[in-house]
2 protein chains.
Amino acid sequence: MTQTGHGSGPQVLRLMNCAAVLSAIRAAGTARVTDLIHATGLSRPTVSAAVSTLMTDGWVEETEAPDLDLPRMGRPARVLRFRADARYVLGIDVGPHKIYCAVADLSGTVVSHVRRDVEEASTHAQLLEQVTATMRQALDAVPVPSSALAAVGIGTPGVVDEQRGAVVQAPSIPGWSSLELGGLFRRSVECSVRVENDVNLAVMAERWNGVGGAAENLILVQWGARVGAAVLVHGELHRGAHGAAGEIGFLELEEEPQGVQPDGLGPLESAAGTAWILSRARSLGFDGADASAVLTAAAGGEARALQAVDEACARLSRGLASFVSAIDPELVIIGGSVALAGDAILASLRRHLTRRALVTPRLELSQLGDDAVALGAVRLALSDAERRLLDVYTAAPQADLP
Amino acid sequence: MTQTGHGSGPQVLRLMNCAAVLSAIRAAGTARVTDLIHATGLSRPTVSAAVSTLMTDGWVEETEAPDLDLPRMGRPARVLRFRADARYVLGIDVGPHKIYCAVADLSGTVVSHVRRDVEEASTHAQLLEQVTATMRQALDAVPVPSSALAAVGIGTPGVVDEQRGAVVQAPSIPGWSSLELGGLFRRSVECSVRVENDVNLAVMAERWNGVGGAAENLILVQWGARVGAAVLVHGELHRGAHGAAGEIGFLELEEEPQGVQPDGLGPLESAAGTAWILSRARSLGFDGADASAVLTAAAGGEARALQAVDEACARLSRGLASFVSAIDPELVIIGGSVALAGDAILASLRRHLTRRALVTPRLELSQLGDDAVALGAVRLALSDAERRLLDVYTAAPQADLP
């Protein structure tokens with residue numbers, strides 16, 4: 001890796017030129033030197049020198065020209081490509097019930113992932129141990145040294161101070177509140193670690209790869225055993241003044257507040273989460289092993305499963321309607337395991353919402369499935385890695401001390 | 001008024017220089033030509049020519065130098081001042097119960113205002129007639145021709161399409177839904193008319209002159225006979241995808257939706273508005289003429305009035321807690337007539353909110369009183385007038401057709 005010089009003008013300029021050429025190659029996918037001269041406004045010798053440095057540092061490689069079948073005169077032009085596999089990022093979804101780790105290259109392609117159910121963990125140290133083990137397993141599947149890990153993103157339930165990388169409040173995971181998660185995790189890896197609320201990451205994944213594409217104002221409801229929401233306002237994630245925006249699962253619906261339940265669930269989670277759906281379906285005589293069975297049966301039109309799901313939608317819509325009234329989004333995305341019930345969920349929610357809100361937004365099911373949070377964590381880590389990637393070449397060198 | 005030339009280069013440049021000098025004078029309050037040369041980077045002859053044009057057009061006047069008591073050599077320097085009274089703006093608050101018109105000069109100083117209770121109006125034409133009469137009364141108190149009216153801002157309850165200047169939905173005013181209010185109003189005045197939701201205007205007034213100053217994320221609850229809210233996110237008014245963000249008065253608290261009441265009130269308004277407070281206080285044996293009497297008594301510590309107010313706070317906090325969970329603001333401002341109950345309202349709301357929300361924001365009472373919406377409408381009209389003021393000099397001239 002080229003080291004940053006110490007206050008030497010031409011050296012600084014050379015590094016900035018490297019950054020400009022690297023940006024241009026990344027933006028174009030593949031590029032000839034001529035393209036790079038055009039894109040950067042730099043001279044041919046400057047671009048060539050920068051390309052050499054970037055190749056030596058391992059960021060760029062020569063590839064076959066894509067127009068090989070065209071008649072050529074003279075030497076074929078060099079075609080340069082960003083080496084997406086030069087570094088990797090790691091996205092981790094840590095929840096009370098599962099850990100999901102995804103390894104992706106710098107183009108965002110997931111090259112390895114491991115999911116494991118969380119075994120009983122009563123302290124944060126026990127849970128962290130399981131996270132680290134899952135991470136090692138995911139990284140072992142990729143033939144790269146640990147030094148190739150550029151950044152880690154972690155999603156976790158609860159209120160997160162993303163500046164500090166700390167979990168402020170997480171009623172759903174024992175020992176997880178007031179936890180310097182980023183700091184603890186940095187002991188296991190040699191790169192930057194960023195922490196974000198899990199549903200905030202899911203909404204980033206929806207914008208990146210999901211149904212959230214163009215919506216400027218949207219609410220994502222992540223609805224499974226737990227219920228959380230994330231809010232996008234003017235196209236930006238809205239965290240709120242204390243990082244607590246979107247905590248729909250802790251809404252109190254009743255006149256008398258219920259508070260956090262003994263099982264760590266918030267009032268709305270307890271009233272409409274998958275545990276309630278399962279128990280309600282069973283009380284209606286539905287014979288199923290678990291909540292997934294109820295949701296799948298509802299998707300297939302089974303009457304008792306449908307009724308349980310519809311009642312859960314009526315309950316959820318009581319909280320969601322207030323969120324819709326506060327935010328007035330154009331789109332609400334329903335993610336999490338209830339999406340198994342498919343259009344039955346959307347139809348039922350739409351009906352209940354229309355009765356409760358002045359304006360009913362468009363409703364869509366998430367298409368991302370179980371790995372939405374991990375994918376958002378990958379996106380978070382990628383942003384971090386991309387920034388640092390250019391920092392290598394653009395960071396102002398420190399002046400020599402006299 | 002200087003007319004914009006047609007495609008002539010030097011003329012366009014002269015107008016742009018006028019705009020630059022006018023901006024500099026407005027920003028400084030009063031300025032000498034030397035200050036303007038420094039602020040604009042223009043030459044002395046250019047600045048002097050621009051000042052002459054601006055004085056001829058009536059935007060700028062010479063004033064006495066503020067340092068008259070200092071010893072001077074030679075001729076006193078010309079001190080120029082923006083003529084805030086060159087034009088006026090009008091802010092109007094139209095509600096189901098009152099009309100409030102405020103006339104302000106271009107510095108935002110209110111020079112005349114008229115408030116009138118709305119008499120029974122069953123059509124929008126009847127109400128508009130009353131608005132026009134109130135406006136004439138407010139303008140008659142200012143000795144200026146109607147051509148000096150630069151812009152009008154109107155605040156009204158309900159969902160407003162502020163681009164079209166239309167009221168989309170306004171359950172509280174008969175005949176007021178689907179109303180092209182801006183267009184209808186433009187028949188009575190010879191200037192631009194902008195329409196905005198009333199509570200959105202109140203929040204603009206709080207940012208301008210009230211307790212909202214530095215808060216980036218805040219909710220204003222306007223709580224009287226009706227209950228509305230406005231939401232500020234990242235320092236910007238959040239209107240939502242359909243202009244319906246913040247409609248807290250129509251929140252449904254109960255399992256079975258109540259819908260809009262026969263008196264036009266939304267469910268939460270009906271459950272916690274001043275009509276409910278009065279009726280509850282009376283049922284507790286409080287003997288008072290109206291809701292103001294209850295609120296004033298609560299401020300004075302009267303037990304039955306306090307109980308009615310506390311129960312209303314418990315009800316309102318059910319809706320407000322959901323808004324707080326969705327937005328996570330650093331500040332909630334309570335405006336409207338309930339502010340008469342003073343700190344009793346804040347203490348009670350804080351207690352109920354703390355039991356219902358994960359994070360409790362700071363709570364403040366609005367200090368703006370009855371004219372918050374009209375003041376916000378003045379602010380809206382001022383922004384419009386300021387933009388048009390510079391447009392006179394900067395608008396690109398149309399090219400001559402061949």
Side-chain angles (χ1 to χ4, degrees), chain A residues 158-159 168-169 171 215-219 229 231 233-234 236 238-260 266-268 271 314-315 317-331 352-362, chain B residues 158-159 168-169 171 215-219 229 231 233-234 236 238-260 266-268 271 314-315 317-331 352-362:
Chain A
V159 178
V168 179
Q169 250 185 300
E216 287 291 294
N217 300 288
L218 75 80
I219 298 173
V231 174
V233 172
H234 304 145
E236 296 283 328
H238 176 61
R239 290 192 179 82
H242 316 88
E247 288 291 345
I248 198 171
F250 291 81
L251 279 189
E252 298 278 359
L253 299 182
E254 305 309 325
E255 199 171 334
E256 196 51 42
Q258 310 294 302
V260 177
L268 184 77
R315 288 157 161 241
S317 73
R318 290 182 63 187
L320 184 52
S322 334
F323 269 45
V324 165
S325 299
I327 309 286
D328 182 21
E330 57 248 50
L331 173 65
H352 292 294
L353 262 187
T354 305
R355 296 178 65 216
R356 307 192 80 93
L358 271 190
V359 182
T360 309
R362 195 156 54 88
Chain B
V159 178
V168 179
Q169 249 184 303
E216 288 291 296
N217 300 288
L218 74 80
I219 298 173
V231 174
V233 172
H234 302 147
E236 297 283 329
H238 176 62
R239 291 193 178 81
H242 316 87
E247 288 292 345
I248 198 170
F250 291 81
L251 278 189
E252 298 278 1
L253 299 182
E254 305 310 326
E255 199 170 336
E256 197 50 42
Q258 310 294 303
V260 177
L268 184 76
R315 287 157 162 240
S317 73
R318 290 182 63 186
L320 184 53
S322 334
F323 269 46
V324 165
S325 299
I327 309 285
D328 182 21
E330 57 248 49
L331 173 65
H352 291 293
L353 263 187
T354 305
R355 297 176 67 213
R356 305 192 81 93
L358 272 189
V359 182
T360 309
R362 196 157 52 88

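These numbers come from the heavy atoms of this one structure, side chains and all, not from hydrogens, waters or symmetry mates. By convention in this document, chain letters (A, B, ...) are assigned in the order of the sequence lines, proteins followed by strands, and residues within each chain are numbered from 1. All values reported here derive from a predicted model rather than from experimental measurement.
Chain A forms the most heavy-atom pairs under 4.5 Å with one residue out of B/Ala326, B/Gly240, B/Ala357, and that residue is B/Ala326. The most heavy-atom pairs under 4.5 Å with chain A, out of B/Gly243, B/Gly246, B/Ala215, come from B/Gly246. Heavy-atom pairs under 4.5 Å with chain A peak, among B/His352, B/Glu255, B/Glu236, at B/Glu255. Per-residue heavy-atom pair counts under 4.5 Å with chain A were compared for B/Pro329, B/Ser322, B/Gly259, and the maximum is reached by B/Ser322. Between chain A and the residues B/Gln169, B/Gln258, B/Glu254, B/Glu216, the largest count of heavy-atom pairs under 4.5 Å involves B/Glu254. By number of non-hydrogen pairs under 4.5 angstrom with chain B, the leading residue of A/Leu251, A/Leu331, A/Ile327 is A/Ile327.
Under the side chain to side chain donor-acceptor pair (under 3.5 Å) criterion, B/Glu256 pairs with A/Arg355, not counting sequence neighbours. With sequence neighbours excluded, no residue forms a salt bridge (charged side-chain N to carboxylate O under 4.0 Å, His left out) with A/Arg356.
When side chains are defined from C-beta on, B/Val233 does not count as touching A/His234, because their heavy atoms never get closer than 4.5 Å.
Neither the backbone nor the side chain of B/Ala229 comes within contact range of chain A; no heavy atom of the residue lies under 4.5 Å from a heavy atom of that chain. No part of B/Val260 comes within reach of chain A, as not one of its non-hydrogen atoms sits under 4.5 angstrom from that chain. For chain B, no part of A/Arg315 is nearby; none of its heavy atoms comes within less than 4.5 Å.
Distance check, rounded to the nearest 0.5 Å: CD of A/Glu247 to CG of B/Asp328 gives 9.0 Å. A/Glu252 contributes atom CD, which lies 11.5 Å from atom CG of B/Leu353 (distance to the nearest 0.5 angstrom).
Closest approach of B/Val359 to A/Ala244, counting heavy atoms only: CG2-CB, 3.7 Å.
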